Amino acid sequence: MTAPPVRDEGEDRMEIRFDHTTLGQRVLFGTGAAATNIAAALRDLGASRPLLVGGGHAAEVVDQISEQFAVAGHVREVVQHVPAERARDAVALAQGADADSVVAIGGGSATGLAKIVARDTRLPVVAVPTTFSGSEATDIWGMTEDERKTTGTDLRVLPRVVVYDATLTLGLPTDLAAHSGLNALAHAVDSLWAPRADPINRAMAGEGMRALIPGLSGLRANPADVRANEQVLYGTYLSGVALASAGAGMHHKICHVLGGTFNLPHAPTHAVVLPYVAAFNADADPDSDACIAEALGALHAASGLWDLAREVGAPDSLAEIGLTEDDVDLAAELATAAIPDSNPRPVSLEGVATLIRSALRGDDIRG
Ligand code: NAD
């Protein structure tokens, strides 16, 4: 693990020592400017034959891009968790139609498919998010074959340009927006305990949380609030960058098992599990607990996250989204094996099983 600043007991000042890599990516952020910014991004990349992926929730943007560019092909139907067969079809389409770039307009599933095309063809991706998944900010790809999801990191899949436009998230159903936004918040929180946590990604995570939390409350009060949508997109980006830089921690490992092995839905699973992981780590990492609590305006991270999840309409428990008591032991076994050593509190099979069981019931952890 990269060392965070170390407090020298003999001095007031802290020694600062870390090894941080900042990934190169252009971000164009502007409400109502998606089509203009996509066009500018493509031209600056020297691209003129984009493969379009997704776009079902942004018909006007798709029309405007199609009028200006010789679109090489359009993969309209996008499926969660990137089934390998569909990914191979998209790669073949890009190659057969001589595409010189990929424009993904949609949630994490559209971005995820574009990433596999980029991995296999080296084409540059312009990502245009319509949810708060944050996938656009990471060099992490995922693909599912024979009911098993494989993930990896590869710089070729990092979108070269991200185009954020808050008008594209205005149509998100309220629950979907809440779950997706809590998924973004989980990126920031989990990065604090991740293997490559350092002061730079910590700063990104802190600012990400301070944007996401009020933004999510604002969205709940009024989903059509453009400024709240902007705030959540801004926080989503920072949190995704923090996660990409720091790596995945305990929370993501648990959610990955729950999604991959038990087919629980991605964003709602994150929304339910996060307060329980915060409670698990609270005493072992008081600095991170205080950082999260401060952003929430709460006394403790876990209770603040628990309240926020209920305020914005997250599911109450893992049972509500499909996990059963019979699944707990296997889930705990698989997750325990994957949790990185960087986790501040030592992890045991029994501890992880207790955590998952608590989230399964939706225990009130406010103490
Ligand atoms: P998603 O892309 O599957 O979208 C969820 C639903 O929302 C879909 O039905 C979609 O059609 C709909 N939708 C999207 N935008 C909409 C809009 N503006 N209005 C109305 N409906 C809209 O789900 P997601 O939560 O965005 O992404 C989840 C996927 O992303 C998972 O496969 C997950 O593993 C992946 N992911 C990857 C990373 C990474 O770094 N690689 C990070 C986060 C998530």
Side-chain angles (χ1 to χ4, degrees), residues 1-4 6 18 140 142 148-153 182-183 185-198 201-202 205 209 239 242-262 264 266 269-293 300-306 309 317-319 321 323-367:
M1 175 186 171
T2 309
V6 183
F18 59 84
I140 305 166
R148 287 197 52 157
K149 186 164 180 177
T150 312
T151 59
T153 56
L182 289 170
N183 183 193
L185 185 60
H187 293 158
V189 170
D190 203 33
S191 75
L192 301 176
W193 307 305
R196 298 183 304 278
D198 67 39
N201 48 50
R202 205 177 167 83
M209 289 189 267
S239 305
L243 183 85
S245 167
M250 178 181 196
H251 171 80
H252 276 76
K253 297 303 177 186
I254 293 175
C255 292
H256 189 90
V257 167
L258 296 174
T261 307
F262 302 97
L264 264 58
H266 181 84
T269 304
H270 279 267
V272 176
V273 171
L274 191 60
Y276 297 93
V277 178
F280 184 88
N281 279 335
D283 291 344
D285 186 356
D287 285 353
S288 293
D289 195 73
C291 167
I292 303 161
H300 299 290
S303 56
L305 289 168
W306 201 89
S317 67
L318 291 177
I321 53 174
L323 197 75
T324 69
E325 172 60 39
D326 290 347
D327 301 326
V328 173
D329 287 343
L330 177 59
E333 193 184 316
L334 295 172
T336 305
I339 292 168
D341 293 341
S342 59
N343 197 62
R345 177 172 161 192
V347 167
S348 67
L349 181 59
E350 199 187 357
V352 176
T354 302
L355 187 164
I356 295 175
R357 201 161 271 122
S358 204
L360 173 78
R361 294 187 298 254
D363 289 349
D364 186 341
I365 47 169
R366 288 173 295 177

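Small disclaimer: the values here were computed from a predicted structure and weren't measured. All residue numbers refer to positions in the sequence shown, counting from 1.
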Quiz item: Any side-chain heavy atom of Leu318 sitting closer than 4.5 Å to one from Ile321?
Solution: yes
Quiz prompt | Contacts of Ala293 that satisfy side chain to side chain contact (heavy atoms under 4.5 Å, CB included) - sequence neighbours left out | solution = none
Practice problem: Could you tell me which residues satisfy side chain to side chain donor-acceptor pair (under 3.5 Å) with Ser288, sequence neighbours excluded, listed by chain and number? | Solution: Arg202, Asp285
Quiz prompt | Pairs where residues 332-352 contributes a residue and the test salt bridge (charged side-chain N to carboxylate O under 4.0 Å, His left out) is met, not counting sequence neighbours | solution = none
Quiz prompt | Exercise: identify the closest heavy-atom pair between Val347 and Asn343 | solution = CG2-ND2, 3.6 Å
Self-check item: Heavy-atom check, side chain of Trp193 versus side chain of Val277, under 4.5 Å
Solution: yes
N/O donor to acceptor pairs below 3.5 angstrom from side-chain atoms of residues 248-261, sequence neighbours left out:
unit_1, atom_1, unit_2, atom_2, d
His251, NE2, His270, ND1, 2.9
His252, ND1, Asp190, OD2, 2.8

Practice problem: Please report the shortest heavy-atom distance between Ala194 and Ala246, naming the atom on each side. | Solution: CB-O, 3.3 Å
Self-check item: Heavy-atom pair with the smallest gap, counting every atom of Ala335 and Val352
Solution: CB-CG1, 4.2 Å
Quiz item: Do you know the tightest heavy-atom contact between Pro275 and Ala302?
Solution: O-CB, 3.6 Å
Quiz item: Does the side chain of Leu323 come within less than 4.5 Å of Ile356's, by heavy atoms?
Solution: yes
Exercise. Only counting residues at least two apart or in another chain, list the ones meeting side chain to side chain contact (heavy atoms under 4.5 Å, CB included) with Thr354.
Key: none
Quiz item: Do you know the tightest heavy-atom contact between Val272 and Ala359?
Solution: CG1-O, 3.9 Å
Quiz item: Do you know the tightest heavy-atom contact between Trp306 and Gly362?
Solution: CZ2-O, 4.3 Å
Self-check item: Residues forming a side chain to side chain contact (heavy atoms under 4.5 Å, CB included) with Ala188, sequence neighbours excluded
Solution: Ala205, Met209, Ser239
Quiz item: Can you tell me if Asn281 and Asp289 form a side-chain donor-acceptor pair at under 3.5 Å?
Solution: no
Quiz prompt | Under the side chain to side chain contact (heavy atoms under 4.5 Å, CB included) test, residues paired with Ala319 that sit two or more places apart | solution = Ser317, Leu360
Quiz prompt | Under the side chain to side chain donor-acceptor pair (under 3.5 Å) test, residues paired with His300 that sit two or more places apart | solution = none
Quiz item: Taking the side chain from Asp327 and the backbone from Phe262, do they hold a donor-acceptor pair closer than 3.5 Å?
Solution: no
Practice problem: State, with a plain yes or no, whether a side-chain heavy atom of Leu182 is found less than 4.5 Å away from one of Leu274. | Solution: no
Exercise. Mind checking the CD1-CG spacing from Ile140 to Leu243? Nearest 0.5 Å is all I need.
Key: 5.0 Å
Exercise. For residues 356-367, pull every pair meeting salt bridge (charged side-chain N to carboxylate O under 4.0 Å, His left out), keeping only residues two or more places apart or in separate chains.
Key: Asp307-Arg366, Glu325-Arg357, Asp329-Arg357, Arg361-Asp363, Asp364-Arg366
